[in-house]
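Let me begin by presenting the structure, written as structure tokens, before commenting on it.
For reference, positions follow the sequence shown, starting with 1.
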Amino acid sequence: MESKSAFSRRQFMELLGVSAAGFGLVSMAGCGGGDDAKKDEGADAPAAGGTADTITYSLTADPRAVDPAYFDDGESAVVSCNMYEGLYQYGKTDAKVSPCLAKDLPEISDDGLVYTIKLNEGIKFHDGTDFNAEAVKASIERQLEPNRNSDMPYASFVFGEEEAGNGVASVEAVDDYTVKITMRAASAPFVKNLAMALASPIVAPSAIEAATDGQAITNPVGTGPYKFVDWTKGASVTLVANEDYWGEAPKTKNLVFKIIAEGNTRLTSLINGECDIISSVDPASADQIVDNGFELFSEDGMTINYMAFNTETGKCTDQEVRKAVAQAINVEEMVKSIYGDYATVANSVMPTWMAPYTKDVKQTAYDPEAAKKTLADKGITSLQCITYTTARPYNQKGGSDLANMIQGYLSAVGVELSITQYDWTTYKTKVQTDPYDICFYGWTGDNGDPDNFMNLLADTNWSTNVAHWQDDEYKALIAEGLKTPDGDARDAIYLQCEEMVAEKQPWVLISHSKNLLGYSPKVKDFYYHPTGVVFFKGVSKEA
């Protein structure tokens, strides 16, 4: 059966909040998607009897890494969020923040610059070493300047930059179970950032020390409900239940993440029983899943699917050229043609149910005649495009259909578009190394905060900001938004950011997708979180 739940603006306002309910949590509650039940005395890890030992989940590509400091992709996050935990966690179905490895929500100084965090005691990493304040300090400090390197894509996003005057200035282990984090400037989303599946989870110091200097950890060690077993590149990642987990025991012994790039192959693997859950379902296959007796998870995603211009080099550094290209594209027609009822036209960088979304942001209107004239006047007769072939959560069809339709729109206004396509893993490198005028990308929100979307275009890491757009006025707005408390004033700042993106056109906004996954009716308590991960601790499968 299809899940038809969808977010409302009111629900999102609740989603944005930091949950105060966590203050009274039992100190040994455990993490994982907001499940705060205490572990039963003497409980064993996998359930016996009528429960299967293994759940198999399809990924569309290999993870980039199994080290939270070294990835920015959903595949890595889905795997790693079951091995690692952070100081804070989100709710099972929302982004409300509550304590996890931390005992309580932080004590924050009046000026918003000092966070004092008390930690739960008695927790062990998978290798038996102690979780404590020094572990937290080591996990964060390796991502601060000057320790961080260019392969840590989320470090500046989560922990800030010295040059920008934001983020974390220092981390101090006050005692064994107290951490003090001092900020350079107040940051409204910082606690939400600390619950993210990327950069924020706490990694065992022993694993950091064992890794090659400057490279990702390949033998991951966290505190989570599952432990790493094996990663066969291009084939699968295997995890096993942590029998010594400090919280409620996982319900399934083994998790196997199969890498299946092609959509029809994923569908066949579900129908044939080779996978229990398949991700990034092609909208054209949705009915087939239901007709074959499987469940279709369909819920409004926290996503944006967009085309980015290279604003640094090439033919689209000119804002008028970018505007003209945008005028040539009939976005509404394109979205309906490619995605049908499983996506909505994006009028905003943020999804329609996120504050401060407003339908009044005026995106560039379709006007092929005006586009043709401007592009001819500017001497633009050809453009170079790179795109990805692999399905993504924000674009289950992959980037090929988008590129081909835009090639047709541009041809109609006298511009030849050359297209080079790569699988997702290769594309993640090519988008940083190869020349292009336009490329396709997207985003799944990590923490339910507007900064998480709007800050993309202020980032200096080109793996995140593929438009290479750097605008001082825009960056000033982002800085103001970071230090402004949630409310109308903060909403107004991000609305200005939206309007500037629409005016200066570093992106052409395309669509907001539904999260589409197929799964066996034998799988129980499965939920695809709005942040694009799956917490498997409470998920089981009938034998």
Side-chain angles (χ1 to χ4, degrees), residues 58-64 72-76 153 233-234 259-267 278-285 303-316 322 325-326 328-331 333-335 337-339 342-343 380-413 415-444 462-468 506-511 513 516:
S58 78
L59 300 172
T60 62
D62 260 308
R64 293 193 71 198
D72 59 353
D73 61 307
E75 286 81 7
S76 300
K233 296 287 181 73
I259 291 86
I260 307 176
E262 206 276 318
N264 286 332
T265 306
R266 285 196 303 280
L267 178 62
I278 62 171
S279 59
S280 298
V281 169
D282 187 324
S285 302
T303 65
I304 180 64
N305 176 28
Y306 60 85
M307 184 182 86
F309 294 101
N310 187 338
T311 64
E312 183 182 33
T313 60
K315 299 176 182 177
C316 294
R322 300 197 296 270
V325 171
I329 301 168
N330 189 334
V331 174
E333 178 184 68
M334 184 168 64
V335 170
S337 174
I338 295 175
Y339 307 110
Y342 292 102
I380 304 297
T381 58
S382 64
L383 292 172
Q384 187 173 7
C385 164
I386 63 171
T387 192
Y388 55 92
T389 58
T390 311
R392 310 304 304 148
Y394 44 78
N395 177 16
Q396 295 93 342
K397 300 288 287 189
S400 300
D401 287 358
L402 288 173
N404 291 335
M405 284 199 76
I406 287 172
Q407 185 180 56
Y409 288 130
L410 289 177
S411 178
V413 297
V415 176
E416 180 183 348
L417 183 69
S418 64
I419 302 170
T420 305
Q421 305 180 85
Y422 303 98
D423 66 87
W424 180 250
T425 303
T426 305
Y427 185 71
K428 288 290 289 183
T429 299
K430 293 293 187 180
V431 81
Q432 296 180 66
T433 61
D434 286 16
Y436 59 87
D437 297 306
I438 62 175
C439 72
F440 294 91
Y441 228 65
W443 189 256
T444 298
W462 296 157
S463 70
T464 299
N465 183 0
V466 294
H468 299 195
W507 292 350
V508 171
L509 306 185
I510 297 171
S511 61
S513 70
L516 289 180

Distance-only side-chain donor-acceptor flag, Asn395 / Tyr339, under 3.5 Å: yes
Can a side-chain donor-acceptor contact be found between Glu75 and Thr60 if the only test is distance below 3.5 angstrom? yes
Using modelled atom types and a 3.5 Å cut-off, is there a donor and acceptor pairing between side-chain atoms of Thr390 and backbone atoms of Ala261? no
How far apart are the closest heavy atoms of Ser58 and Ile260, and which atoms are they? CB-CD1, 4.2 Å
Go through it in stages, so that I can follow the logic: the residues are Val415 and Thr381, the test is side chain to side chain contact (heavy atoms under 4.5 Å, CB included), and I'd like the CA-CA distance, side-chain angles, deciding distance and then a yes or no. CA-CA 4 Å; Val415 176; Thr381 58; 5.9 Å; no
Between Thr311 and Ala467, what is the shortest heavy-atom contact and its length? OG1-O, 2.7 Å
Centroid separation under 6.0 Å, is that true for the rings of Trp424 and Tyr441? yes
Any side-chain heavy atom of Lys430 sitting closer than 4.5 Å to one from Tyr388? no
Any donor and acceptor pair, going by atom type alone, linking the side chain of Ser285 with main-chain N or O of Val281 inside 3.5 Å? no
So, does Gln432 use its side chain to make a donor-acceptor pair with the main chain of Lys428 at under 3.5 Å? yes
Any non-hydrogen side-chain atom of Asn305 less than 4.5 Å from a side-chain atom of Trp443? no
Can you tell me how far CG of Leu417 sits from SG of Cys385, rounded to the nearest 0.5 angstrom? 5.0 Å
With a 4.5 Å cut-off on side-chain heavy atoms, are Val431 and Ile386 touching? yes
Heavy-atom closest contact (Asp423 atom, Thr426 atom, distance): OD2-OG1, 2.8 Å
Could you walk me through whether Thr303 and Thr444 pass the side-chain hydrogen bond (donor to acceptor under 3.5 Å, both in side chains) test, one step at a time? CA-CA 4 Å; Thr303 65; Thr444 298; 5.9 Å; no
Less than 4.0 Å between a side-chain N and a carboxylate O, is that true for Asp282 and Lys397? yes
Do Thr425 and Asp62 have side-chain atoms, one donor and one acceptor, less than 3.5 Å apart? no
So Tyr394 and Ile304, side chain to side chain contact (heavy atoms under 4.5 Å, CB included) or not? Walk me through it. CA-CA 6 Å; Tyr394 44 78; Ile304 180 64; over 6 Å; no
Would you please name every residue forming a ring pair (Phe, Tyr, Trp, His ring centres under 6.0 Å) with Tyr306, sequence neighbours left out? Trp507
Show the numbers, then the answer: is there a side chain to side chain contact (heavy atoms under 4.5 Å, CB included) between Val331 and Val508? CA-CA 9 Å; Val331 174; Val508 171; 4.2 Å; yes
Does the plane of the ring in Tyr427 sit parallel, tilted or perpendicular to the ring in Tyr422? Use 30° and 60° as the thresholds. tilted
Keeping the roles fixed (side chain from Ser511, backbone from Val335), state whether a donor-acceptor pair exists under 3.5 Å. no
Rounded to the nearest 0.5 Å, what separation is found between the CE atom of Met334 and the CG atom of Asn404? 11.5 Å
Where is the tightest heavy-atom contact between Thr464 and Pro153, given as atom of each residue plus distance? OG1-O, 3.7 Å
Using the side chain to side chain contact (heavy atoms under 4.5 Å, CB included) rule, take Leu410 and Leu383 through it: C-alpha gap first, then chi angles, then the decisive distance, then the call. CA-CA 9 Å; Leu410 289 177; Leu383 292 172; 4.2 Å; yes
Donor-acceptor pair, side chain of Arg266 and main chain of Ser280, under 3.5 angstrom: yes
Drop me the distance from Arg392's CZ to Phe440's CZ, to the nearest 0.5 angstrom. 15.5 Å
Euclidean distance, Asp437 CG relative to Ser418 OG, rounded to 0.5 Å: 8.0 Å
In Å and rounded to the nearest 0.5 Å, what is the CG to CZ distance from Asp72 to Arg64? 5.0 Å
Spacing of Leu267 atom CG and Glu262 atom CD [to the nearest 0.5 Å]: 9.5 Å
Will you find, in the side chains of Thr389 and Ser400, an N or O donor that is under 3.5 Å from an N or O acceptor? no
Is it true that a side-chain atom of Thr387 and a backbone atom of Gln421 form a donor plus acceptor pair closer than 3.5 Å? no
Is it the case that atom CD in Glu416 sees more than 12 heavy atoms from other parts of the structure closer than 6.0 Å? no
For the residue pair Ser382 / Lys315, report whether a side-chain donor-acceptor contact shorter than 3.5 Å exists. yes
Any idea which heavy atoms bring Val466 and Cys439 closest together, and the distance? CG2-SG, 3.8 Å
Quick check: closest heavy atoms across Tyr436 and His468, and the distance to 0.1 Å? OH-NE2, 3.6 Å
